[in-house]
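A short worksheet on the structure shown next.
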Amino acid sequence: MAEVTYKEAVNRALADALAADPDVFVFGEDIGAAGGVFKTTAGLQERFGRDRVLDTPISEQAILGLALGAATQGMRPVAELMFADFAGVAFDQIVNQLAKYRYMSNGQISVPVTIRLAQGIGGGFAAQHSQSVENWFLNVVGLKIVVPATPADAYGLLRAAIADEDPVLFFEHKGLLNDKGQLEDDPQPVEIGRAAVVRQGSDVTIVASQLMRARALEAAERLAAESISVEVIDPVTLVPMDIATIGAGLERTNNLVVVQESSAGGSWGATLIARLIGEYFDSFDSPPLLLAGDETPIPFAHQLEQAWPPSADRIVDAVRGLLGAAAPAAG
Amino acid sequence: MAEVTYKEAVNRALADALAADPDVFVFGEDIGAAGGVFKTTAGLQERFGRDRVLDTPISEQAILGLALGAATQGMRPVAELMFADFAGVAFDQIVNQLAKYRYMSNGQISVPVTIRLAQGIGGGFAAQHSQSVENWFLNVVGLKIVVPATPADAYGLLRAAIADEDPVLFFEHKGLLNDKGQLEDDPQPVEIGRAAVVRQGSDVTIVASQLMRARALEAAERLAAESISVEVIDPVTLVPMDIATIGAGLERTNNLVVVQESSAGGSWGATLIARLIGEYFDSFDSPPLLLAGDETPIPFAHQLEQAWPPSADRIVDAVRGLLGAAAPAAG
Amino acid sequence: MATDERLEILRKMHELRFFENECDRLFRQGQVKGPTHLYQGQEAVSVGVCAALRPGDTMTCTYRGHGATLAMGAPLDKTFGEIFGKAGGLCGGKGGSMHLTDAGVGALGSNAIVGAHLPIANGAAFAAMRRGTGAVHACFFGDGSTNIGTFHEALNLASLWKLPVLFICENNLYGEYSPRALTTPIERLADRGISYGMNSLRIDGNEVLTVKEIVEGAAERARSGEGPTLIEAMTYRHQGHSRTDPAPYRPDGELEEWLERDPILLLEGVLESDGVGADDLTRIREEAEKAVADARDTALAWPDPELDERFDHVWAS
Amino acid sequence: MATDERLEILRKMHELRFFENECDRLFRQGQVKGPTHLYQGQEAVSVGVCAALRPGDTMTCTYRGHGATLAMGAPLDKTFGEIFGKAGGLCGGKGGSMHLTDAGVGALGSNAIVGAHLPIANGAAFAAMRRGTGAVHACFFGDGSTNIGTFHEALNLASLWKLPVLFICENNLYGEYSPRALTTPIERLADRGISYGMNSLRIDGNEVLTVKEIVEGAAERARSGEGPTLIEAMTYRHQGHSRTDPAPYRPDGELEEWLERDPILLLEGVLESDGVGADDLTRIREEAEKAVADARDTALAWPDPELDERFDHVWAS
Ligand SMILES: Cc1ncc(C[n+]2csc(CCOP(=O)(O)OP(=O)(O)O)c2C)c(N)n1
Ligand SMILES: Cc1ncc(C[n+]2csc(CCOP(=O)(O)OP(=O)(O)O)c2C)c(N)n1
Ligand SMILES: [Mg+2]
Ligand SMILES: [Mg+2]
């Protein structure tokens, strides 16, 4: 067991995958010689050579297409999109190609591609470099979507993603890169598709991922002081979503708050709520609440940016409101 | 009043907009000399000339960027993406540029762009040419999204879209192009953002758009024979969604079914349900139901394709199940 | 090249031609649903290219891909079956006319998004290079496709990394209903290779033996690590863009001129002047015609997929 | 060109230089948040280009766009204000360093997605052409940006439609941390114009007067309907890619060589040899320095935006 940063965990997962399987290769813009703009790939090219850790031109469509094509031949490409927002310039390759390739061929061809995307708010990068874009892909069937919040999950899920026969979008949150956490000395893959109950509680279930997870935990601490017992669940994987674990949490607390960084429209939070209300209708004592980013593009100025996504304050207030409203009905 | 097809209504809206405003121009691949692959732009180039109705190379990014740039100068571009699925190759221009341009400039620059996209299942076009891709844009703030189902709405909303100062994605459904309906002799724009109650009913509210609207109406007819009274609401616009009209319907019937062509994840149906359950929690006698396309890419073979989206049969069964289940609770 | 080999090339061209004629007929009869983009007139390109390939080489192509898929060796019946949406089709009916895949023969998929497969082609070539298999990848696309962004990105990367890929631009003078001049400011598309420092040439795409010879050379370069080649093969499609297009935009006489340079006639002419008898030529043609008719009947008799099969093969795991 | 005009050009270059030096200093002090991509060393390109433009012309540029935005005429204080995220900034603090817009002077926006503004540039030029205003559009981008799909699509369409747009490729030898050769298989990027039949040239981007003269010619062509020009301006950035980059990848001596060809020194040399006195040069420099310092202080004193302002200007209606 050692303390590592999220960034180091990603780096180690890449290194271990490269060491374990000659079919793995890692590539993207400035990830080789320079070790990546966020240094998540630092040292990999020195260690594994320029044949397996490759710098590319600024050509996101060429990068993802190459990953797909190499995967058809059984290789295990790990492609980086420097900022997740750049998925926009290669969207077709993800949604019309990668997601559908296997199906259109009737299973003749598998495309075990991992795409790493650095996403999220907080760096003063403004509207085109700060989005959490995981939701852009929810309506596209055929992609697994992973959103680790801790170093251990980052390591384990990245190993699992690379080993997976299906394409996986692996979202690294820029705001978590320097967060620290424990990692086993011989860390293992973490199964894709499992939510984690990260705090026990009996009054309300908060579902929150990545940057919002810590805020939910902070809110839970503060609410505990008011004798409100909060359960926190990290979905960890968005597709496939672990409905069973989250539904079980809901059945324990009968109140649900989903906290997500991005706006509400077409989001995983909305999708989750719609699904749970259909399947667990009688388990809700109060209306499920979706706390989401503002209904605007992300502004640059520091204070505006800080105000944009849900804060621990907003979560605390929301839970108070919810339980206040629910109490009579439950009593 | 005259009977016209959906396709003719689109054509007439374009012609009227071109005639009314010299800043309007219409362009896209094969839309000029050939009148478009679906013939929605037939005759426009002959009438308005090659300066205002332009054929382009196969360059979707160049097309949408040109629209945006011309709009910054006060022109009113109407760009066509031949198949909506091709939004994938120009996604950045829509989500990172068009949607954010006004905001990032703090309102200095408006981008009154209309993008016409032909979407939908039913032509045997398979996985890359049959999608309803409206949901790809829901998590991106700054785009209005319009999904007309009738010739009158197609005409009126297209005129409104072109006149709108904000970017509008105007989705034409391929399966409706030859549908007929009435159009006024002097048709007027239809306000963006208004849902339409297209059938009165008291037992359940079905919300359905485009191809699903007729199926919902058919299901309603059949259910009427079983003395189940179905209200049908067409959202018409997905962003901004007319929550008030739909919520009022829900308050009348206390049961909700949303029927959409596309899959469930990250969809407008899921978003609508999540929002309504939050705002109208006490109005639901039964769990809201989302009937959606299968959780697969769209298959080619005729029978498989037909089986993919919700059918009138599936809607009838779902409503029966819902009311059967709801009856005891309501009684 | 031995006469036998050339006769096999002729047979393949006939098969492609008869296959497309059958598709056309069946579509017009309404027996088959969905769009279709036929290949009559361009047979020398894919047959010539694929004749220059070796086992283990791979190929990607476009929605106008019946020809290239057959030229790679996909069986006639399963290819028909896919276009008919049959359970026994190459892709169990999930892909259809625009999405033919036969991984076993290296046909990695036809693509319905213009230009999307060019970056994918690079990937297959990259895998071959890394593994040192000596394989090359042939990537077919049209003249109109050279205006989309993926063309640029893919050729740049292929040249930079010296990937063993052959970019075969089938210049049939039109992209959908638009003649080249309406969409492209230069006439010689092979010149676009200059942007990438790529070996590039324009060839007569109706002369199958020329195509084969040129591609053998380019493939040899690619296999030995000298990188990709862009080949602009001048050809013509005898039909409209798709079955709903009567091609009214063609100048008078253009089709007729190209029919005189029908690639099958050209090859027959070469063979005749080399002494192959008319009866041999007729026999080959008739055998091909019969093979196509038999395959069609076989495939037509196959069952439709079960409705539940639509849920299969979304996920590997 | 009159001496006065050249002195104004020198003043502008000094302003850009001092402006960036201030940004650098303030960022390093942590007084300002967010990324920043500085422009020192490349001033001759945007100042030269914009000096060749007329009122009514428009411009788009990249995240490395402080210089081009100022060169178009955006005020120093409001530009600082935007980078500081102030309410009084060009975009009320919503845009920041990578998204500077001053529509009043024709600065239509810097863009943080590589290549995304090239198609947008075409649109502004199209509007000018349709309305017959005679305006041109100047579009700035880097060497690394010539490998992305939008570059190809935009140049093709611009040439086809003879749009009055000037594509100014600022070749500063690097895209982020990658030298040209790591990403691009040809050395002369101007050659990429061949793909579009476009008038193309490579020029010394550190000689501001050359830049201005060449661009005047290209603008004249564009205004008179002869279409776009691709100009590859050779230059160098004195800083790393962004503030977190110490540029360890530079070969020894490279920076020093380019510092000898600092565009400000080069222009001062020309002016001196034309008889302008050292005191005049000093005065211009000091005035520029003071103007920048004053603007900085003005902007720093502005209030931050109110939190509720973040909801403004999403929608026009
Ligand atoms: C990205 C994209 N844009 C547009 C289309 C529609 N489309 C299909 S084929 C075609 C013309 C392609 O022309 P060309 O590359 O010359 O190939 P050909 O059909 O002549 O073989 C177009 C525009 C598409 N399928 N994908
Ligand atoms: C689509 C996209 N890909 C990658 C990036 C990240 N990125 C920002 S600047 C840059 C390098 C651009 O180099 P160049 O065009 O030479 O411009 P310079 O920075 O040298 O001015 C890269 C890769 C981006 N912003 N957008
Ligand atoms: Mg063609
Ligand atoms: Mg550069």
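Naming convention: chains lettered A, B, ... in sequence-line order (proteins, then strands); numbering from 1 in each chain. Treat the numbers as computed from the prediction; the structure is a model and nothing was measured.
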field: Nearest atoms (heavy-atom pairs only) where D:Leu182 meets C:Leu160
entry: O-CD2, 3.3 Å

query: With only heavy atoms counted, which part of D:Ile148 is less than 4.5 Å from chain C, the side chain, the backbone, both or neither?
result: both

Any idea which donor-acceptor pairs are under 3.5 Å between chain D and chain C?
residue: D:Thr146; atom: O; partner: C:His152; partner atom: NE2; Å: 2.6
residue: D:Asn147; atom: OD1; partner: C:Asn156; partner atom: ND2; Å: 3.2
residue: D:Gly149; atom: N; partner: C:Glu153; partner atom: OE2; Å: 2.7
residue: D:His152; atom: NE2; partner: C:Thr146; partner atom: O; Å: 2.7
residue: D:Glu153; atom: OE2; partner: C:Gly149; partner atom: N; Å: 2.8
residue: D:Asn156; atom: OD1; partner: C:Arg192; partner atom: NH2; Å: 2.8
residue: D:Asn156; atom: ND2; partner: C:Asn147; partner atom: OD1; Å: 3.2
residue: D:Asn156; atom: ND2; partner: C:Thr183; partner atom: O; Å: 3.3
residue: D:Thr183; atom: O; partner: C:Asn156; partner atom: ND2; Å: 3.2
residue: D:Arg192; atom: NE; partner: C:Ser195; partner atom: O; Å: 3.0
residue: D:Arg192; atom: NH2; partner: C:Asn156; partner atom: OD1; Å: 2.8
residue: D:Arg192; atom: NH2; partner: C:Ser195; partner atom: O; Å: 3.0
residue: D:Ser195; atom: O; partner: C:Arg192; partner atom: NE; Å: 3.0
residue: D:Ser195; atom: O; partner: C:Arg192; partner atom: NH2; Å: 2.9
residue: D:Ser195; atom: OG; partner: C:Ser195; partner atom: OG; Å: 3.3

message: Please classify the contact of D:Ala181 with chain C as side chain, backbone, both or neither, using a heavy-atom distance under 4.5 Å.
response: backbone

query: Taking only residues two or more places apart in sequence, or in another chain, which ones meet C:Val211 in a side chain to side chain contact (heavy atoms under 4.5 Å, CB included)?
result: C:Val49, C:Ile203, C:Val215

query: Side chain, backbone, both or neither: which part of C:Leu157 has a non-hydrogen atom closer than 4.5 Å to chain D?
result: neither

